[in-house]
J.: 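Would you mind keeping the following structure in view while I ask a few things?
All of these numbers come straight from a predicted model, not from anything done at the bench.
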Amino acid sequence: MTSANPSYPAAGPLADLWSGEFAPRQPLALVVLPQVGFALAHHPPASPPGAPVTLTVPASEPGEAAGLLAEIERRCAPRWVWWSAPTTAAVPLAARVRLGACWDLAAVHRLLHGGRRDDPAAVWAAAAGLPAPPPPPRSTGIARVAQGQLGLWEGTGDGPATGPRRISAGVAADDDGGGADAGGAFGNGPLAADGQLDAGWLHRAATPGEALRRATSLAMLALHTQDRQQAALGSLPDRRARPGRITLAVLTARAESAAELLVRELERDGLPVDRAVAETLLGEIVGPPPHTGADELAARRRDAPVLAHLRGPVDLRNPAAVRAALRTVGIDVPDTRSGRLEPLRDAHPAVAALLTWRRTERIATTYGHRWLDTHVGPDGRLRGAWHASDGAAGRMTAQAGLHNLPADLRVAVVAEPGRVFVRADLGQIEPRVLAVVSADPALAEATRADDMYAPVAVQLGRDRPQAKIAVLAAMYGQTTGSAGEALRRMRRAYPTALAYLDDADAAGRAGRDLRTYGGRRIRLAPAPRPPRGLTDPAPPDEASPVAGGIPETARGRFARNAVIQGPAAELFKAWAVTVRAELPALDGEIVLCLHDELLLQVPAAHADAAADLLHRSLAATATYWAAGSGVRFVVEVSILRRWSDAVH
DNA sequence: TTCCCAACGTA
DNA sequence: CGTACGTTGGGAAT
């Protein structure tokens with residue numbers, strides 16, 4: 001706790017907050033102005049509708065702000081509502097203050113509406129039923145953050161950064177008074193005449209005090225936006241719905257919001273890597289780290305064994321040149337991929353030499369000494385940027401090689417002294433997810449087995465490998481006809497599951513948008529062009545990833561995959577954030593998320609408790625996520641000193 | 001400088 | 001069987 005003033009909570013503005021009115025997990029909107037303070041808005045159950053209560057809390061030191069937020073977290077346990085985690089949660093994250101439950105308006109907006117854009121103006125417009133506003137101008141660095149996001153205020157107190165600017169019909173009043181508008185009682189300060197959110201309004205405040213007052217308007221607007229998002233999610237179809245049961249889409253929104261916090265923690269804390277082990281390993285594979293230009297040239301001598309088998313100088317890094325060179329020695333291939341060349345390994349010594357060279361070169365260029373220096377900090381943590389929901393299906397993504405680290409390098413991922421890894425891997429998550437989302441009773445029955453391909457094989461009258469291929473062919477759309485008969489039997493044995501997949505396929509071909517089981521919108525229709533501002537050079541490409549020249553069959557496979565991969569990602573994240581919530585009690589942390597695998601680091605003494613937590617969390621998550629489906633999920637948990645000890 | 005491709009790593 | 005994503009070097013387009 002870094003709060004400088006222990007007497008503060010007893011009096012002052014926050015005293016109202018813990019006077020007994022605040023129910024746990026009640027929404028509490030937060031807008032943070034670093035170096036200034038923060039603004040809060042909440043809606044006491046007793047107060048009349050549309051009359052939120054706001055507070056401003058001055059705190060010039062980030063540590064003081066973080067301490068106060070920690071105190072609110074401890075005493076009120078709210079559901080924090082913010083426009084976006086990267087900006088708003090930066091202060092508590094830097095102070096290692098853990099906030100539990102949140103509602104990330106940007107993340108929920110992407111869930112509800114798809115697409116990539118999630119700046120406050122776009123989020124508000126969608127929640128208010130307004131047309132999408134013109135995209136913020138493209139810029140870079142700090143300017144980009146300040147333009148697109150609320151919660152950063154960089155004013156110095158000696159005047160507005162840009163002069164006060166009237167927008168539209170001059171309704172961007174600086175006070176909180178004003179007439180009715182699309183939003184209701186929160187005042188029209190940040191809203192223009194057309195109801196759109198003016199994202200620059202906060203930053204144009206003349207003084208820190210004025211900025212803090214404006215922040216309360218944005219906190220009220222956040223609260224209102226949350227309300228609308230929750231209503232929209234609550235009205236989505238939910239097969240599990242029962243009176244009094246929260247709909248899955250709302251639960252997904254909560255999990256996706258928490259996942260945004262989780263990835264900020266992953267970025268902050270990184271993955272433990274033993275640098276000495278990594279350097280030794282790299283030395284064996286690619287040689288010593290290059291310190292000089294001469295060393296770089298020496299590295300190119302790795303080419304020699306391959307070139308010895310070919311005529312003349314060949315640029316091995318240029319696939320076209322490699323293909324041409326191979327043709328001169330009698331190897332004629334349409335491309336030079338390893339899968340293509342592997343069968344020809346013995347046809348000419350150049351092929352084997354090339355394949356060996358490729359493997360080494362991959363390590364040297366992508367995961368070599370430079371990668372180590374760039375991404376592993378002095379504290380032995382590998383750090384990269386994360387997205388909590390990315391791409392078509394809303395999977396987590398990570399940079400710096402965190403998601404595509406070659407298996408050979410995993411020996412260098414070593415738990416720190418006194419601590420161990422606890423690794424958990426969801427088994428056969430995709431076919432199990434298919435059983436849930438399609439509500440196929442026969443497939444659900446198969447999930448009762450630890451290895452569900454075994455009962456499927458019995459059902460199909462085929463062996464296990466054939467059964468597995470049939471399931472995968474159904475889920476992802478086969479193009480080569482090797483699974484024909486097995487697939488026909490699959491269709492007869494599991495008609496409900498196959499119909500679900502066929503529907504998705506048809507939607508993909510027709511360009512109809514889909515929703516995942518958890519409510520995420522998958523854009524398949526060509527996006528309408530956003531209104532173009534007069535000065536905007538070109539709007540960023542917001543077209544759906546599968547629009548345009550991609551053939552129908554590919555769009556069908558894409559959609560087929562998205563309705564499985566998407567819900568699998570939603571289940572995974574719901575599980576992960578449940579684990580996260582309980583880990584502080586064990587002094588543990590999540591250090592890696594890998595689509596169906598969680599890697600924890602915990603004190604050795606708590607390893608068994610962490611393993612138990614992973615099992616219990618999955619059971620708890622599946623209970624609501626797969627309610628009524630009869631589908632069983634399985635997780636394999638192991639306790640390890642190094643990641644490579646994992647059984648695969 | 002920006003964008004696309006080929007190739008290959010992970011799930 | 002297929003899908004997803006990140007990273008690299010090379011080359012073409014700008």
Side-chain angles (χ1 to χ4, degrees), chain A residues 138 140 299-300 303 314-323 333-342 354-355 357-368 370-371 374-375 384-387 389-410 413 425-431 433-434 465-484 486-487 490 501 504-505 508 522 538 541 545-546 550 553-566 568-569 572 592-599 643 646 648:
Chain A
R138 289 184 61 158
T140 54
R300 291 243 161 184
D303 300 8
V314 179
D315 183 355
L316 297 180
R317 293 156 191 81
N318 182 341
V322 170
R323 187 179 166 224
V333 282
D335 59 69
T336 68
R337 291 178 150 84
S338 61
R340 184 87 65 184
L341 292 176
E342 196 61 51
L354 177 66
L355 289 169
W357 175 85
R358 280 250 179 91
R359 209 171 143 75
T360 307
E361 192 67 7
R362 164 69 44 183
I363 301 284
T365 55
T366 307
Y367 305 101
R370 190 181 59 190
W371 167 77
T374 308
H375 298 112
W386 285 76
H387 285 279
S389 76
D390 202 7
R395 271 187 165 189
M396 284 184 169
T397 56
Q399 292 173 326
L402 281 159
H403 271 181
N404 41 6
L405 201 68
D408 293 346
L409 290 184
R410 293 183 179 188
V413 179
D425 195 89
L426 295 179
Q428 304 168 340
I429 182 175
E430 293 190 334
V433 161
L434 172 60
Q466 284 183 314
K468 181 174 179 177
I469 287 172
V471 171
L472 296 178
M475 281 196 289
Y476 306 137
Q478 64 157 20
T479 51
T480 58
S482 59
L487 194 55
M490 187 76 197
L501 293 164
D505 195 296
I522 299 168
D541 184 25
V546 288
I550 296 165
T553 51
R555 298 205 312 252
R557 283 199 304 275
F558 170 88
R560 205 177 259 274
N561 179 258
V563 295
I564 304 297
Q565 196 185 91
F572 175 81
L592 192 69
C593 296
L594 197 49
H595 306 313
D596 62 357
E597 175 178 345
L598 263 180
L599 195 65
W643 194 16
H648 250 311

J.: Determine whether A:Glu342 and A:Arg337 satisfy the following criterion, salt bridge (charged side-chain N to carboxylate O under 4.0 Å, His left out), listing intermediate values before the conclusion.
T.: CA-CA 9 Å; A:Glu342 196 61 51; A:Arg337 291 178 150 84; over 6 Å; no
J.: Without decimals, in angstroms, what is the distance between A:His403 NE2 and B:dC8 C1'?
T.: 17 Å
J.: Within the structure shown, what part of the strands sits under 4.0 Å from A:Gln399 by heavy-atom distance: base, sugar-phosphate, or nothing?
T.: sugar-phosphate
J.: Considering just the side-chain nitrogens and oxygens of A:Arg358, establish if one lies under 4.0 Å of OP1 or OP2 belonging to C:dT8.
T.: no
J.: Among B:dA11, C:dG6, C:dT7, which nucleotide has an atom closest to any side-chain atom of A:Thr366?
T.: C:dT7
J.: Please work out whether the ring planes of A:Tyr367 and A:Trp371 are parallel, tilted or perpendicular, with thresholds of 30° and 60°.
T.: perpendicular
J.: So, is A:Arg557 near the phosphate of C:dT3, with a side-chain N or O under 4.0 Å from OP1 or OP2?
T.: yes
J.: For the pair made of CH2 in A:Trp371 and P in B:dT10, what is the distance, rounded to whole Å?
T.: 13 Å
J.: Under a 4.5 Å cut-off applied to non-hydrogen side-chain atoms, are A:Leu355 and A:Ser338 in contact?
T.: yes
J.: Should A:Leu501 and A:Leu434 count as side-chain neighbours, where that means a heavy-atom distance under 4.5 Å?
T.: yes
J.: Looking for any heavy atom pair under 4.0 Å, which part of the strands does A:Ala400 touch: base, sugar-phosphate only, or nothing?
T.: sugar-phosphate
J.: Rounded to the nearest Å, what distance is computed from the CD1 atom of residue A:Ile522 to the C1' atom of nucleotide C:dT3?
T.: 12 Å
J.: Rounded to whole angstroms, how far apart are NZ on A:Lys468 and P on C:dG2?
T.: 15 Å
J.: Find the distance A:Gln565:CD to B:dA11:P and express it as a whole number of Å.
T.: 14 Å
J.: Describe the nucleic acid contact of A:Ala320 in one word from base, sugar-phosphate, nothing, applying a heavy-atom distance below 4.0 Å.
T.: nothing
J.: Please classify the nucleic acid contact of A:Ala398 as base, sugar-phosphate, or nothing, using heavy-atom distances under 4.0 Å.
T.: sugar-phosphate
J.: Flag the pair A:Val413 / A:Leu405 as yes when at least one side-chain heavy-atom distance between them is below 4.5 Å, and no otherwise.
T.: yes
J.: Check every atom of B:dA11, C:dG10, B:dA6 against the side chain of A:Arg317 and return the nucleotide holding the closest atom.
T.: C:dG10
J.: Please work out if A:Leu405 contacts a base, only the sugar-phosphate, or nothing of the nucleic acid, heavy-atom cut-off 4.0 Å.
T.: sugar-phosphate
J.: May I have the distance from A:Ile429 (atom CD1) to C:dA4 (atom P), rounded to whole angstrom?
T.: 18 Å
J.: Counting the atoms with a prime plus P, OP1 and OP2 as sugar-phosphate, which does A:Arg560 contact under 4.0 Å by heavy atoms, base, sugar-phosphate, or nothing?
T.: nothing
J.: Determine the contact category for A:Arg323: base if any of its heavy atoms lies under 4.0 Å from a base atom, sugar-phosphate if only primed atoms, P, OP1 or OP2 are that close, otherwise nothing.
T.: nothing
J.: Are any non-hydrogen side-chain atoms of A:Val471 and A:Met490 less than 4.5 angstrom apart?
T.: yes
J.: Flag the pair A:Arg395 and A:Asp596 as a salt bridge only when some basic side-chain nitrogen lies within less than 4.0 angstrom of an acidic carboxylate oxygen.
T.: no
J.: What N/O pairs connect the protein and nucleotides 11-14 of chain C at under 3.5 Å? Give each pair on its own line.
T.:
from   : atom 1 : to       : atom 2 : distance (Å)
C:dG11 : OP1    : A:Asn318 : ND2    : 2.5

J.: I'd like to know if A:Arg362 pairs up with A:Asp408 as an ion pair, taking the criterion as any Lys NZ or Arg NE/NH1/NH2 lying under 4.0 Å from an Asp or Glu carboxylate oxygen.
T.: no
J.: Can you check the A:Leu472 CG to B:dA11 P distance for me, whole Å?
T.: 15 Å
J.: Starting from P on C:dT7, measure out to OH on A:Tyr367 and report it in whole angstrom.
T.: 8 Å
J.: So, is A:Ser338 near the phosphate of B:dC8, with a side-chain N or O under 4.0 Å from OP1 or OP2?
T.: yes
J.: Reckon A:Arg362 has a side-chain N or O less than 4.0 Å from the OP1 or OP2 of C:dT7?
T.: no
J.: For A:Thr365 and C:dG9, is the shortest distance between a side-chain N/O and OP1 or OP2 below 4.0 Å?
T.: no
J.: Are the side chains of A:Leu598 and A:Phe572 in contact, using a 4.5 Å heavy-atom criterion?
T.: yes
J.: Using a 4.0 Å heavy-atom cut-off across all strands, classify A:Arg337 as base, sugar-phosphate, or nothing.
T.: sugar-phosphate
J.: Need to verify one output field. Residue with the more 5' nearest nucleotide on DNA chain C, A:Arg395 or A:Gly401?
T.: A:Arg395
J.: Taking the minimum atom-to-atom distance to the side chain of A:His595, which one of B:dA7, C:dG6, B:dA11 wins?
T.: B:dA11
J.: Choosing from B:dA7, C:dA4, C:dG10, which nucleotide comes nearest the side chain of A:Asp335?
T.: B:dA7
